[in-house]
Number of protein chains: 2
Amino acid sequence: MELNDRKLKILQAIIQDYIQTAEPIGSRTLTKRYDLGVSPATIRNEMADLEELGFLMQPHTSAGRVPSDKAYRLYVDALMTKTKNTNYQKTFIKANLLKKFVEVERLLQYSSKVLSELTRYTSLALTPQIKGNKLKFLQLVPIDSENLVAIIVTDTGVIKKPLLKITGGFDEASIQKVSNLLNEKLAGLSIMDIESQLIQELNNEIYKCNNIIEKVVPELFQTLERLDDFELFLNGTTNIFNFPEFSDIFKAKSFLSMLEEKEVIKNLVSTSDNEGITISIGNENCYSEVKEYSLVTATFKISGSSIGWLSVIGPTRMDYANVINIMGQISKHINQLLKKGNE
Amino acid sequence: MELNDRKLKILQAIIQDYIQTAEPIGSRTLTKRYDLGVSPATIRNEMADLEELGFLMQPHTSAGRVPSDKAYRLYVDALMTKTKNTNYQKTFIKANLLKKFVEVERLLQYSSKVLSELTRYTSLALTPQIKGNKLKFLQLVPIDSENLVAIIVTDTGVIKKPLLKITGGFDEASIQKVSNLLNEKLAGLSIMDIESQLIQELNNEIYKCNNIIEKVVPELFQTLERLDDFELFLNGTTNIFNFPEFSDIFKAKSFLSMLEEKEVIKNLVSTSDNEGITISIGNENCYSEVKEYSLVTATFKISGSSIGWLSVIGPTRMDYANVINIMGQISKHINQLLKKGNE
DNA sequence: GTTAGCACTCAACACTAAAGAGTGCTAATA
DNA sequence: TATTAGCACTCTTTAGTGTTGAGTGCTAAC
């Protein structure tokens with residue numbers, strides 16, 4: 001049995017209808033709503049075939065058919081007709097996206113908001129661990145007699161500003177020296193490498209700056225360790241209440257609880273490694289918590305390493321065409337800003 | 001008609017029962033569960049009186065009674081028996097609260113998480129606008145040929161690190177001068193005052209630093225404007241699904257949507273101005289969105305000005321005694337850290 | 001190969017009846 | 001005089017029952 005043109009046409013109609021209505025669709029309704037040129041009985045036979053091929057499922061014997069994950073995959077890869085940018089979208093994006101480059105983190109955070117408002121799904125922004133990033137700049141800024149702020153900038157545009165408390169205090173001149181020394185020694189190294197390499201090198205220089213460095217460096221290590229984490233921003237979480245399948249309180253709870261599992265989300269999203277847009281549908285996701293949802297993820301890179309992700313998450317019957325279109329527009333915008341910021 | 005001892009005892013029993021079960025309670029069940037020494041008929045008479053006095057309500061004719069906001073207010077002010085710290089709470093707090101002072105923002109954020117986990121309600125942390133705060137420290141740190149990070153520390157321990165892009169670039173020496181000048185001129189001023197005062201004063205000095213200051217200052221102004229915002233952290237939003245009254249999807253949605261109304265939440269929480277714990281119950285809140293919920297808010301101050309709020313938000317039948325107890329423990333901890341951080 | 005017709009299935013809905021928890025009122029009681 | 005037993009009544013909740021409608025697969029005719 002093969003997927004002939006008619007089968008594809010029927011499948012496409014079912015998927016589009018289900019994405020719109022969330023209702024299982026039967027042969028008769030299908031013929032009424034779509035001009036397929038054949039009778040319900042024929043559709044029934046084709047549907048039975050499509051079910052056997054694994055593209056359709058029946059919630060129960062006398063219900064209509066529902067697309068499977070396999071069907072959505074086929075839809076996304078081959079059947080889907082791309083949507084065009086609407087004027088509304090263009091205007092909204094123009095009005096709400098940041099116009100100049102600021103920190104990557106903020107850039108993604110704002111974009112995520114726009115994304116969720118335009119798609120009406122839940123959106124999330126993720127910035128990566130900085131462990132693999134190279135240090136571009138480091139400076140220690142004394143703010144009072146006992147506290148320093150360490151300004152850390154990576155080559156991917158992430159800025160951190162941890163507070164270091166140096167018990168016993170310090171004198172500003174020494175801090176200045178230490179700061180210059182660290183910046184000089186560490187710039188260009190990946191954060192991961194710093195810890196091992198630093199101790200070696202600094203041991204040789206330590207005499208130059210009396211004992212301040214002995215106080216500052218361990219504190220800085222601990223802080224780097226703590227800083228080294230993903231940041232996750234969620235937007236439009238209550239959008240799921242717009243979808244009838246979440247009018248069941250258990251479904252809604254499970255979705256929202258899943259979003260609170262930050263670790264799962266982080267791992268899930270950060271597996272997307274190709275620059276551009278990735279789609280993972282239902283069971284294609286390797287975490288059981290997410291097997292009922294789909295993700296459309298845009299990965300952003302600067303010189304080869306990932307600097308952030310933007311995702312839309314929703315039911316598998318997501319309006320893929322629309323989401324991909326909007327995601328594409330926003331990605332384009334972000335990439336332009338990134339380019340400018342990196343010139 | 002007055003509130004005699006028996007009425008109070010009955011009211012207390014009803015409130016406690018309703019906080020536990022969320023079910024309207026009738027006279028017969030009340031006598032079975034609590035040792036009140038009188039028959040259901042007597043209770044019925046007393047209940048009718050309490051309803052007339054505005055302490056009880058009936059969802060419908062043949063249902064039991066439910067406490068009113070007025071009743072909860074009385075309960076919180078007079079009837080409530082304080083709970084004791086459990087060992088579990090002590091251990092949990094010890095294990096999970098930050099042990100040393102870092103930035104105020106982070107301190108509140110972590111505490112909020114602990115708070116929601118211990119109380120099983122939704123918790124939020126709010127840090128204030130910095131407009132009223134005094135600038136303690138300002139430094140411009142060049143990170144490459146076109147970008148600066150402005151390190152801004154206020155007297156309340158808030159640290160900001162906006163990125164400033166100076167089109168056309170700058171030379172480091174000038175920036176150093178400008179930075180020193182700004183720090184010297186502005187330290188001790190409230191952020192609000194800076195804008196007007198700055199322009200005056202700097203106009204006189206402007207010749208000293210060629211045209212760099214003309215590039216940097218407007219950029220800094222814009223940035224200060226943008227930075228001047230509350231920060232809101234939410235924790236345990238899905239905890240509401242634990243409560244039977246939110247098994248109705250509309251209630252759940254309305255609660256979660258209310259939490260997304262950041263402006264409302266901010267205004268609501270930041271009206272608490274007395275150091276220590278404030279409780280506002282249902283209708284006592286001035287925003288219609290929140291009239292069905294209660295808030296227990298702790299306000300934190302340093303030398304008279306508010307530096308943050310920690311709140312628990314939940315149904316009016318909140319377990320006030322327990323929440324207040326836990327909030328008290330956490331507040332105490334935070335205040336100790338604040339003291340240390342400010343020494 | 002397609003389709004009309006038919007018997008069958010199942011969820012959803014409306015309706016009904018019974019159970020259960022509650023009330024207020026009245027008259028008896030301590 | 002305050003308390004309480006008894007009673008009729010109210011209203012929600014729950015379980016059970018039939019009806020409707022959208023769906024199916026199969027068969028025989030076109």
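Protein chains get the first letters and strands the later ones, always in sequence-line order, with residue 1 at the start of each. Only heavy atoms go into these numbers, but all of them, side chains included; no hydrogens, no water, no symmetry mates.
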Any chance CG of A:Asp5 has more than 12 other-residue heavy atoms, nucleotides or ligands included, within less than 6.0 Å? no
Toward the 5' end of DNA chain C, by each residue's nearest nucleotide, B:Ala41 or B:Ala63: B:Ala63
Selected nucleotide, minimal atom distance to B:Thr29 side chain, candidates C:dT3, C:dA21, C:dT9: C:dA21
Separation of C:dT23 atom C1' from B:Glu51 atom CD, nearest Å, is 10 Å
With DNA chain D as reference, determine whether A:Arg65 or B:Gly37 sits nearer its 5' end, using the nearest nucleotide of each. B:Gly37
Side-chain N,O (A:Thr61) to OP1/OP2 (D:dT24) below 4.0 Å: no
So, does the side chain of B:Ser62 form a donor-acceptor pair with the base of D:dT10 at under 3.5 Å? yes
To the nearest Å, how far apart are A:Leu50 CG and D:dT24 P? 12 Å
Calculate the interatomic distance between A:Ile25 atom CD1 and D:dG21 atom C1'; express it in whole Å. 16 Å
Ring centroids only, cut at 6.0 angstrom: are A:Tyr121 and A:Phe243 within range, meaning strictly under it? yes
What integer distance in Å separates B:Gln58:CD from D:dT12:P? 12 Å
Is B:Arg44 close enough to D:dA5 that one of its side-chain N or O atoms is under 4.0 Å from OP1 or OP2 there? no
A:Glu46 CD - D:dT24 C1' separation (whole Å): 16 Å
From the candidates C:dT2, D:dT24, C:dT3, the one with an atom nearest any side-chain atom of A:Arg6 is C:dT2
Choose from C:dT2, C:dT3, D:dT24 the nucleotide whose nearest atom is closest to any side-chain atom of A:Met47. D:dT24
Rounded to whole Å, the CG-C1' distance (B:Leu30 to C:dT23) equals 14 Å
Nearest heavy-atom neighbours spanning A:Ile313 and A:Met318: C-CE, 3.8 Å
Can you check whether A:Thr42 has a side-chain N or O nearer than 4.0 Å to OP1 or OP2 of C:dT2? no
Within the supplied structure, the quantity of interest is the number of heavy atoms (other residues, nucleotides, ligands) at a distance under 6.0 Å from A:Lys251 NZ; does it exceed 12? no
Whole angstrom value for the distance that separates P of C:dC25 from CG of B:Asp49: 12 Å
Per the side chain to side chain contact (heavy atoms under 4.5 Å, CB included) rule, which among B:Leu295, B:Val296, B:Thr278, B:Ile279 passes with B:Ser272? B:Thr278
CD1 of A:Ile14 versus P of D:dG23: gap in Å, rounded? 11 Å
